[in-house]
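Report on the structure given below.
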Amino acid sequence: YPSGDIHMGHFRNYTMTDAVARKKMMEGRQVLHPFGWDAFGLPAEQAAIKRGMHPHDWTLANIAQSKATLQKVGISFDWTREVASCFPDYYKWTQWLFIQFFKHGLAYRKESEVNWCDHCNTVLANEQAAGGICWRCESPVGRKALTQWYLKITAYADRLQDDIDTLKGWPENLKTLQRNWIGRSTGAEIEFRLEDGTKIPIFTTRPDTIYGVTFMAIAPDAPLLSTLAIPDRHRPAIDAFVAKMRRQSSVERMAEAEREGVDTGVTVVNPVSGEKIPLWVADYVLAGYGTGCIMAVPAHDQRDFEFARKYGLPIRPVIRTGDTLSAGDAIEAATSDYGVMANSGPFDGLAGQAGVDAVIAQLEKEGTGRAQVQYHLTDWLTSRQRYWGAPIPMIHCPTCGVVPVPEKDLPVELPAGEIKYLPTGRSPLADVPEYMTVTCPTCGKEAQRDPDTMDCFVCSSWYFLRYLDPHNDSALFERKKAASWLPIDCYIGGITHATGHLIYFRFFTKFLKDIGWLTVDEPAINMFNHGMVLDGEGRVMSKSKGNVVSPIDLMARYGVDPVRLTMFFAAPGDREVLWGDAAHAGLVGAERFLLKVERFVADAREAVGTQTVDPETRFDPDSLTAVERDAYRKLHETIAKIDRDFEALQLNTHTAAVMELVGTLGSGADLRPELRFVCAAAIARLLAPLTPHLAEEWWEVLGFGPTVFRAGWPQVDQAALPAATMVIAVQVNGRLRGQVTVASDAPESVVVAAAEADAKIAPHLSGDRIKQIYVPGRLINFVVRLRK
RNA sequence: GCCGGAGUGGCGGAAUGGUAGACGCCAGGGACUUAAAAUCCCUUGUUCCGAAUGGGACGUGCCGGUUCGAGUCCGGCCUCCGGCACCA
């Protein structure tokens with residue numbers, strides 16, 4: 001989002017993708033490392049309004065500023081593929097996609113209770129109102145009945161849930177977040193009936209508890225409630241209760257410790273047992289989940305239990321989990337475990353899933369219910385009453401109804417210039433007559449444009465596809481380019497988008513596959529969540545707290561590469577980094593180390609004079625001195641270790657390994673010049689993904705050109721790895737007692753003999769030797785029983 | 001409440017079931033220098049025994065278990081961080 005200049009979090013994210021891109025380039029791969037601006041929508045517009053600037057002007061200025069900073073950091077983005085979602089050549093295709101959704105019945109309008117932020121003056125998607133708090137301004141979210149545009153993501157709920165299992169390269173916690181957010185539960189829809197025949201459907205995951213239903217409960221804001229014939233004497237109490245609930249925000253209602261409700265005076269019939277039970281209005285029933293109405297089983301649901309206790313409603317256990325079934329008035333809490341059905345007429349004795357299935361079969365036979373699946377995921381509310389967004393490409397015609405803008409007329413450009421763009425609660429575009437008034441593409445009569453704009457997450461659900469073909473003005477992208485590049489091999493981002501963007505972009509990918517544009521089911525096979533950058537006290541950096549550290553200031557003081565190296569070295573990539581005084585002390589270490597490398601490189605170059613040495617030169621270990629052999633081995637051990645660490649983005653141990661190598665080599669003065677040079681050339685390349693500017697410089701000092709990033713990645717020389725001797729740790733009864741040095745091909749018997757001959761170890765071995773465990777090359781453990 | 005993740009020196013952190021604390025920072029000591037900076041070298045978990053080379057005990061949030069051997073595996077807790085949250 002261009003909502004401010006680059007901060008340490010961006011710095012960490014992009015230096016990580018940069019390290020990956022550069023290493024893969026050095027390995028000879030084709031790398032597409034693109035960048036784009038999520039420049040439409042609330043974040044950019046709010047930032048602009050705060051500064052009293054037009055969103056267009058502010059966004060462009062901010063993009064220029066941020067881009068300059070990113071280039072200073074040396075991120076290897078392919079700027080020829082840069083995209084920005086606020087430009088017509090991009091949002092033309094956002095609009096085109098919206099029309100495809102519409103044509104396939106997946107974009108639709110409906111009236112319902114929506115999330116409304118009074119501060120931002122717009123509706124919000126569920127994902128943007130999590131916990132009842134607006135994702136941008138953090139004020140409480142209210143409700144409003146409005147007609148809005150939705151994308152039917154629920155049509156993909158099953159595939160979005162099931163295919164999580166195919167995402168082998170995604171972190172487990174991210175997958176769990178998505179599973180919970182999609183929130184599939186299986187059960188049954190069951191129709192209870194009023195005595196006049198009116199159907200009251202409910203959803204339950206536990207049809208096997210149906211004989212334990214002692215009342216029903218409906219949400220205060222459920223539309224069904226207002227259509228019920230409620231006895232006059234109950235009317236005033238219900239109206240008062242509903243009015244009270246309406247005044248409370250969702251946050252307040254959740255905070256309410258005690259459950260509350262009112263009897264409607266209406267009687268309902270249980271379709272399985274035939275029993276007559278009362279219908280209550282209850283504050284703990286949600287209008288937005290299931291049918292807005294529940295069957296209450298106090299013995300087996302804790303919320304129903306508490307409600308029943310408070311209002312003196314019967315509690316009847318019908319699931320036996322132990323030997324006996326407690327009486328309802330004796331139990332202290334509901335038990336929701338599966339068990340054996342009891343007090344359940346013909347179903348008595350059925351256990352667990354068998355009971356669930358039997359009840360569903362009965363319901364289906366009687367036509368009073370059926371197996372059903374429910375999701376926490378709801379359709380995605382995508383229209384916004386704001387100026388700065390992609391206009392919804394739809395026309396409202398009095399004769400033809402809702403008609404999409406013909407594709408040849410795209411993009412529908414956002415009016416520029418003297419527009420009153422400040423949010424008022426209705427779209428600012430509605431007040432621009434020359435924008436609003438159009439002719440209907442179907443009948444040619446006068447019609448109105450849709451005044452709303454799209455949620456910025458629509459724009460950002462497909463940006464990764466535009467990178468493949470960013471300048472194509474006749475299609476979203478060329479299909480064969482997508483077929484060759486996708487899926488994304490490496491996606492690095494924060495966990496914050498777990499239940500928003502990272503579900504939406506999977507949804508778009510599946511849709512585009514279904515309509516023939518893509519060949520993949522999933523956009524990204526490998527996902528890496530980098531840790532956050534916090535301040536020294538572990539707090540989020542924010543302007544209001546005044547604890548923001550600017551990478552620009554640090555780079556000016558220390559240079560870019562020491563800052564990059566310090567960030568990589570601070571922690572493994574997936575862990576958070578506290579960027580406080582300790583991190584600044586770390587900068588000193590990075591600076592020292594890089595200066596040391598610089599000297600090593602310069603000295604190595606000087607040692608070989610004008611001679612040219614192939615950086616991949618192999619040495620026969622037998623022809624080297626002992627010191628040289630150790631140095632050569634250490635070099636190749638380091639290359640091997642880095643190859644392992646890098647794949648897991650453990651750039652902290654990558655850095656440590658190079659530091660250790662440089663420490664071991666010392667000045668390099670005791671190495672023959674060719675070997676010294678080969679070590680220097682390897683070090684320069686091993687550091688190149690992390691400190692690209694310095695590595696490039698070193699590469700030139702060594703006499704090469706034009707770029708280290710086409711110089712290939714150092715390859716392990718297996719011949720360098722075997723050592724002449726090995727150090728074996730000696731344990732007695734699992735306790736370390738010393739170590740012995742033996743020839744590296746020594747058999748176990750030689751190790752045992754060496755241990756027995758060692759003056760420090762031998763005293764511990766007196767006693768009955770029961771057994772010995774030898775771990776070749778590492779350790780030997782003697783199990784000894786001491787004689788008394 | 002449910003779901004994830006994490007607890008290791010003064011600090012950031014390292015450790016395929018096999019020598020806990022790599023690497024770096026800080027701190028202390030030394031070399032070089034007229035001096036300083038820079039650089040290089042050494043020490044640096046706690047504790048006990050010893051004049052000393054040295055040796056012992058304890059130590060990865062807590063309690064138990066498996067194992068020749070556990071920071072790592074298993075069971076039961078505690079604390080912190082994050083996500084979702086009256087989801088029927």
When the [atom1] atoms of [N] and [M] are considered, how many whole Å apart are they?
{"N": "C40(B)", "M": "C26(B)", "atom1": "P", "result": "13 Å"}
{"N": "U39(B)", "M": "C78(B)", "atom1": "C1'", "result": "49 Å"}
{"N": "G71(B)", "M": "G45(B)", "atom1": "C1'", "result": "15 Å"}
{"N": "G21(B)", "M": "A31(B)", "atom1": "P", "result": "30 Å"}
{"N": "G10(B)", "M": "U47(B)", "atom1": "P", "result": "10 Å"}
{"N": "U16(B)", "M": "G4(B)", "atom1": "P", "result": "24 Å"}
{"N": "G13(B)", "M": "C2(B)", "atom1": "P", "result": "30 Å"}
{"N": "C42(B)", "M": "C48(B)", "atom1": "C1'", "result": "25 Å"}

| With nearest nucleotides of RNA chain B determined for Gly738(A) and Glu576(A) from heavy-atom distances, which residue corresponds to the more 5′ nucleotide? | Glu576(A)
| query | More 5' along RNA chain B: Ile294(A) or Ala729(A), using each one's nearest nucleotide? | reply | Ala729(A)
| request: Not counting sequence neighbours, which residues clear side-chain contact (heavy atoms from CB on, under 4.5 Å) with Thr655(A)? List them please. | output: Leu565(A), Phe568(A), Phe569(A), Met659(A), Leu690(A)
Would you tell me whether [X] and [Y] have side-chain atoms, one donor and one acceptor, within less than 3.5 Å of each other?
{"X": "Arg644(A)", "Y": "Gln650(A)", "answer": "no"}
{"X": "Asp645(A)", "Y": "His654(A)", "answer": "no"}
{"X": "Asn270(A)", "Y": "Tyr211(A)", "answer": "no"}
{"X": "Gln161(A)", "Y": "Gln178(A)", "answer": "no"}

| field | Stretch residues 170-185 of chain A: residues that reach within less than 4.0 Å of RNA chain B through a heavy atom | value | Asn173(A), Thr176(A), Leu177(A), Asn180(A), Trp181(A), Ser185(A)
| query | Which of residues 646-667 of chain A sit near RNA chain B, with a heavy atom under 4.0 Å from it? | reply | Asn652(A), Thr653(A), Ala656(A), Met659(A), Glu660(A)
Whole angstrom value for the distance that separates [atom2] of [N] from [atom1] of [X]:
{"X": "Trp135(A)", "N": "G83(B)", "atom1": "CH2", "atom2": "P", "answer": "16 Å"}
{"X": "Tyr375(A)", "N": "A88(B)", "atom1": "OH", "atom2": "P", "answer": "14 Å"}
{"X": "Leu690(A)", "N": "C23(B)", "atom1": "CG", "atom2": "P", "answer": "19 Å"}
{"X": "His376(A)", "N": "G83(B)", "atom1": "NE2", "atom2": "C1'", "answer": "12 Å"}
{"X": "Asp304(A)", "N": "G1(B)", "atom1": "CG", "atom2": "P", "answer": "19 Å"}
{"X": "Leu286(A)", "N": "A85(B)", "atom1": "CG", "atom2": "P", "answer": "11 Å"}
{"X": "Leu534(A)", "N": "C80(B)", "atom1": "CG", "atom2": "P", "answer": "18 Å"}
{"X": "Arg564(A)", "N": "G24(B)", "atom1": "CZ", "atom2": "P", "answer": "21 Å"}

| Above 12 or not: heavy atoms from other molecules or residues under 6.0 Å from CZ of Arg370(A)? | yes
| query | Has Glu748(A) got more than 12 heavy atoms of other residues, nucleotides or ligands less than 6.0 Å from its CD? | reply | yes
Mind checking what makes ring-ring contact (aromatic ring centres under 6.0 Å, His included) contact with [X], not counting sequence neighbours?
{"X": "His300(A)", "result": "none"}
{"X": "Phe457(A)", "result": "Trp135(A), Tyr504(A)"}
{"X": "Phe307(A)", "result": "Phe215(A), Trp280(A), Tyr284(A), Tyr311(A)"}
{"X": "Trp170(A)", "result": "none"}

Look only at the side chain of [X] and the backbone of [Y], and say whether a donor-acceptor pair between them is shorter than 3.5 Å.
{"X": "Glu756(A)", "Y": "Leu765(A)", "answer": "no"}
{"X": "Asn115(A)", "Y": "Val141(A)", "answer": "no"}
{"X": "Asn180(A)", "Y": "Gly183(A)", "answer": "no"}
{"X": "Asn652(A)", "Y": "Ala570(A)", "answer": "no"}

| task | State the syn/anti category of G50(B) according to its glycosidic angle, syn meaning within 90° of 0. | result | anti
| Pairing of Arg206(A) and Asp208(A) as salt bridge, 4.0 angstrom limit | yes
| Is the closest basic N to carboxylate O distance between Lys634(A) and Glu660(A) below 4.0 Å? | yes
What does the list of N/O pairs under 3.5 Å between the protein and nucleotides 6-9 of chain B look like, with a distance for each?
none

| query | Can you tell me which stems RNA chain B forms when a stem means 3 or more consecutive Watson-Crick or G-U pairs under 3.5 Å? | reply | B:1-7 with B:78-84, B:10-12 with B:23-25, B:27-31 with B:39-43, B:45-49 with B:54-58, B:61-65 with B:73-77
| message | Give me each pair satisfying salt bridge (Lys or Arg N to Asp or Glu O under 4.0 Å) with a member in residues 563-574 of chain A, each pair once, sequence neighbours excluded. | response | Asp18(A)-Arg564(A)
Could you list all N or O pairs between the protein and nucleotides 66-70 of chain B that sit under 3.5 Å apart?
from, atom 1, to, atom 2, distance (Å)
C68(B), O2', Asn781(A), ND2, 3.3
C68(B), O2, Asn781(A), ND2, 2.4

| Hey, does Gly589(A) reach any base, or is it just sugar-phosphate, or nothing, if we go heavy atoms under 4.0 Å? | sugar-phosphate
Please list each protein N or O that sits under 3.5 Å from an N or O in nucleotides 49-58 of chain B, with the distance.
from, atom 1, to, atom 2, distance (Å)
G56(B), OP1, Arg737(A), NH1, 3.4
G56(B), OP1, His764(A), NE2, 3.1
C58(B), OP2, Arg735(A), NH1, 3.4
C58(B), OP2, Arg735(A), NH2, 2.4

| field | Nearest-nucleotide pick for Arg592(A), side chain only, options being U19(B), C26(B), A88(B) | value | C26(B)
| What is the distance from atom CZ of Phe192(A) to atom CD1 of Ile200(A), rounded to the nearest 0.5 Å? | 10.0 Å
| task | Would you give the length of the straight line joining atom CZ of Phe11(A) to atom CE of Met8(A), rounded to the nearest 0.5 angstrom? | result | 5.5 Å
